[in-house]
Amino acid sequence: EKKHKVTIVGSGNWGSTIAKIVAENTKQHNDIFEEQVQMWVFEEDVVIGSDSKHYNAAIGDKPQKLTSIINSKHENVKYLPGITLPSNIIANPSLADAVKGSSILIFNLPHQFIANVCKQVRGHILPFARGISCIKGVNVTDDGVSLFSEWIGDGLNIYCGALSGANIASEIAAEKWSETTVAYDPPPMDNSRNPSPRSGSPNPGITVTDLQDLSHRDCRGRASKTKLTALPAEYPPLDHDCFRTLFHRHYFHVQMVSDVAGVSLGGALKNIVALAAGFVDGRGWGDNAKAAIMRIGLMEMVKFGKEFFGETVQSQTFTETSAGVADLITSSSGGRNFRCARKAVEQGISVEEVEKKELNGQKLQGTTTAFEVNSFLKARGLEKDYPLFTAVNDILLGKKDVDDIPNLVATVTDGA
Ligand code: NAD
Ligand code: 13P
């Protein structure tokens, strides 16, 4: 039997943390996976700072390539300083080379960079590769809104699931316990040894040997345009068991589900709510106000999912999984979007200014997601139906003030 080779596309704060988890598991389960894990790194020259285990005042601020630091010191000194990475992670500055021969591709980078990355990856991957998107964001175009898992899948002609949860990277990198949710629901061909729970599948009972170009349904229940290539029979099946084995650690507990839309939307939309939580916290309004923001935010998340992905999305994904309410709570308590929004209000400057000053190259997803979701809602005349999402957009643009929030969401709080 062949083994699965794994590539992580991305190496930021979360990308490096997921690479650590995956590399620990490929080493432990080397009967299923090749031990070496490729990690594509957006190459840059960095100076090793005092938060790194390898800081050396005598060397001073001599810049070095990030890939060579990761490969020699086993630490991502810029995006995950202070954490030792397993030595079976290979940092690779070439995208085409990093994805070559991998049957599992894990996309983990800020959503604003994924389009360019996918363009470079096209034509270099195995046709039967499968993906998991750890990206928290949605793709908004003139035609509408789509999930990055589907957008990646369609662009690369592969099936792509999603991983999302209450997962602040620094805590998980330090091996503090948390949960996550992995949504994976390919057509039955990959799951012949572990049937997918999706009901009404168009291809029931088909086995791995029949498997070329089978049609499947997308997250809106429509026939997908993507023509999948079968996983050759000599590979271990890429099913729920395989992905649980790849991601589960004693400190990172995985729940496998089939609701790709719910998991992806939970991770994207909570970033808008976390900004609002930061705004009211920065204003000094306390925990009651923050809880109100989370309650209203959760309602808007569920409404958005039902309105635009109603054919497949399940409300319980928002209310019962780590990718839903748990991520909303953790992100509104200590996430970067929350912290930057709070500081922006405290200091009377924009969230973008705080991001540039404080995050050392890490990227917020909430600001762009708030603008993208707003442009989608506005084009459909639906801004008023999502008063909190709209308020966050308007506050970021300076059109409204944090003090306006109670009135702006009054239709939800008191039915006015
Ligand atoms: P990050 O915020 O650390 O972003 C920096 C990354 O972007 C670096 O790897 C940098 O090299 C890369 N980059 C910069 N310019 C680039 C360019 N032009 N092209 C390509 N890459 C470029 O990233 P992250 O924290 O790993 O976030 C990735 C995704 O994971 C996001 O969608 C985020 O919402 C999600 N997420 C983050 C966390 C967290 O705690 N950090 C937790 C869960 C999910
Ligand atoms: P931030 O990007 O706001 O830090 O959120 C991290 C996250 O997604 C935690 O689950």
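For reference, positions follow the sequence shown, starting with 1. Everything quoted here is computed from the prediction, not taken from an experiment. Every number for a ligand or one of its atoms is a count from 1 in the order of the listing.
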Self-check item: Geometric N/O contact Thr330 with ligand 2, under 3.5 angstrom
Solution: no
Self-check item: Parallel, tilted or perpendicular: ring planes of His253 versus Trp177, cut at 30 and 60 degrees
Solution: perpendicular
Kindly list each side-chain donor-acceptor pair under 3.5 angstrom involving residues 32-42, sequence neighbours excluded, with atom names and distances?
unit_1 : atom_1 : unit_2 : atom_2 : d
Glu35  : OE2    : Asn30  : ND2    : 2.8
Gln38  : OE1    : Asn92  : ND2    : 2.9
Trp40  : NE1    : Pro93  : O      : 3.2

Practice problem: To the nearest 0.5 Å, tell me how far Phe376 CZ sits from Tyr386 OH. | Solution: 8.0 Å
Run through all N or O atoms in ligand 1 and write down each protein N or O closer than 3.5 Å, as a pair with its distance.
unit_1   : atom_1 : unit_2 : atom_2 : d
ligand 1 : 2 (O)  : Arg336 : NH1    : 2.9
ligand 1 : 2 (O)  : Lys363 : N      : 2.8
ligand 1 : 3 (O)  : Asn13  : N      : 2.9
ligand 1 : 9 (O)  : Gly12  : N      : 3.1
ligand 1 : 25 (O) : Trp14  : N      : 3.2
ligand 1 : 25 (O) : Arg336 : NH1    : 3.2
ligand 1 : 25 (O) : Arg336 : NH2    : 3.4
ligand 1 : 26 (O) : Asn13  : N      : 3.3
ligand 1 : 26 (O) : Trp14  : N      : 2.9
ligand 1 : 26 (O) : Gly15  : N      : 3.0
ligand 1 : 30 (O) : Asn108 : OD1    : 3.4
ligand 1 : 32 (O) : Lys136 : N      : 2.9
ligand 1 : 32 (O) : Gln365 : OE1    : 2.8
ligand 1 : 40 (O) : Ala169 : N      : 2.9
ligand 1 : 41 (N) : Asn13  : OD1    : 3.0
ligand 1 : 41 (N) : Arg336 : NH1    : 3.4
ligand 1 : 41 (N) : Arg336 : NH2    : 3.1

Quiz item: Roughly how far, to the nearest 0.5 Å, is the CG atom of Asn76 from the OG1 atom of Thr17?
Solution: 9.0 Å
Self-check item: Which residue and heavy atom of the protein sit nearest atom 4 (O) of ligand 2, plus the separation
Solution: Arg336 N, 2.7 Å
Practice problem: Considering only non-hydrogen protein atoms, determine which one is nearest to atom 6 (C) of ligand 2 and report residue, atom name and distance to 0.1 Å. | Solution: Lys270 NZ, 3.9 Å
Self-check item: Donor-acceptor pair between Gln347 and Glu353 side chains, under 3.5 angstrom
Solution: no
Quiz item: For ligand 2, does Asp327 get within less than 4.0 Å through its side chain, its backbone, both, or neither, judged by non-hydrogen atoms?
Solution: side chain
Exercise. Using a strict cut-off of 4.0 Å, indicate which atoms of ligand 2 neighbour a heavy atom of Asn167.
Key: 9 (C), 10 (O)
Quiz prompt | Carboxylate-amine/guanidinium contact Arg130 Asp239, below 4.0 Å | solution = no
Quiz prompt | Point-to-point distance, once rounded to the nearest 0.5 Å, from NE2 of His124 to CG of Leu156 | solution = 11.0 Å
Practice problem: Mind telling me whether Tyr184 and Phe243 have parallel, tilted or perpendicular rings, with 30° and 60° as the class edges? | Solution: tilted
Quiz item: Roughly how far apart are Glu175 CD and Ile83 CD1, rounded to 0.5 Å?
Solution: 8.0 Å
Quiz item: For Thr390 and Lys384, does a side-chain donor sit closer than 3.5 Å to a side-chain acceptor?
Solution: no
Practice problem: Enumerate the atoms of ligand 2 whose separation from the nearest heavy atom of Gly335 is less than 4.0 angstrom. | Solution: 3 (O), 4 (O)
Exercise. Rounded to the nearest 0.5 Å, what's the gap from OG on Ser264 to CD1 on Ile135? Could you check?
Key: 9.5 Å
Quiz item: Does an N or O anywhere in Gly165 fall below 3.5 Å from an N or O of ligand 2?
Solution: yes
Practice problem: With heavy atoms of Lys136 as the reference, note each atom of ligand 2 found under 4.0 Å away. | Solution: 7 (C), 8 (O), 9 (C), 10 (O)
Practice problem: Please state whether Ala274 comes within less than 4.0 angstrom of ligand 2, counting heavy atoms only. | Solution: no
Quiz item: For atom 3 (O) of ligand 2, which protein heavy atom lies nearest, and how many Å away is it?
Solution: Asn337 ND2, 2.7 Å
